[in-house]
> 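Pasting in a structure now, in structure tokens, and then I'll have a few things to ask.
In what follows, residues are counted from 1 in the order of the sequence shown.
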Amino acid sequence: VILDETDTLEIREMLWQGVKAFNQPYTGNITTQPFALSIRDENSKIIAGIYGFTFYDHARVEYTWVEKSSRKQGLGRKLFQKLDEFCRSK
């Protein structure tokens, strides 16, 4: 057993391919669609965002971030509300 505390795309991709191969006989091919939602300030600088992907009728959020000076203003809630609208439209 090797513990690797770095984020290696190689290991992540190999694991994802293994999960897809295991599930394929039961669920068919998994197709994923990445998405990104962001909020920008008056200077077009990104001050909040969500990144993830959809598969089947699920959405997986990989990253959520709100700039420190923009927190406690409901921006995260707005992002997740928009994500909910997006997912329901699919």
> Considering only heavy atoms from C-beta outward, does the side chain of F80 approach that of L83 to under 4.5 Å?
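Contact flag for F80/L83 side chains = yes.
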
> Determine the minimum heavy-atom distance between W65 and R71, stating which atoms define it.
NE1-NH2, 4.2 Å

> Can you list every side-chain hydrogen bond (donor to acceptor under 3.5 Å, both in side chains) pair that touches residues 28-44, not counting sequence neighbours?
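Qualifying pairs, neighbours excluded: Q24-N29.
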
> State plainly whether one hydrophobic cluster holds both F86 and L37, where clusters connect Ile, Leu, Val, Met, Phe, Trp and Tyr through side-chain heavy atoms under 4.5 angstrom apart.
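Yes, one cluster joins them.
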
> Does the side chain of E85 pick up a donor-acceptor pair with the side chain of Q81 at under 3.5 Å?
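Absent: no donor and acceptor within the cut-off.
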
> Examine the side chains of S69 and E67 and answer whether a donor and an acceptor come within less than 3.5 Å of each other.
yes

> Aromatic rings W16 and F55: how do their planes relate, parallel, tilted or perpendicular, breaks at 30° and 60°?
perpendicular

> Does atom CD of Q17 have more than 12 heavy-atom neighbours, drawn from other residues, nucleotides or ligands, at distances under 6.0 Å?
yes

> Between L75 and I47, which heavy-atom pair has the shortest distance, and what is it?
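Shortest heavy-atom contact: CD1-CD1, 3.9 Å.
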
> What are the two closest non-hydrogen atoms of E62 and F53, and how far apart are they?
OE2-CE2, 3.7 Å

> Are V61 and V66 grouped together when hydrophobic residues (ILVMFWY) are joined by side-chain heavy atoms under 4.5 angstrom apart?
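Yes, V61 connects to V66 through the hydrophobic network.
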
> To the nearest 0.5 angstrom, please state how far the CZ atom of R12 sits from the OG1 atom of T8.
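Rounded to the nearest 0.5 Å, the CZ-OG1 separation comes to 8.0 Å.
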
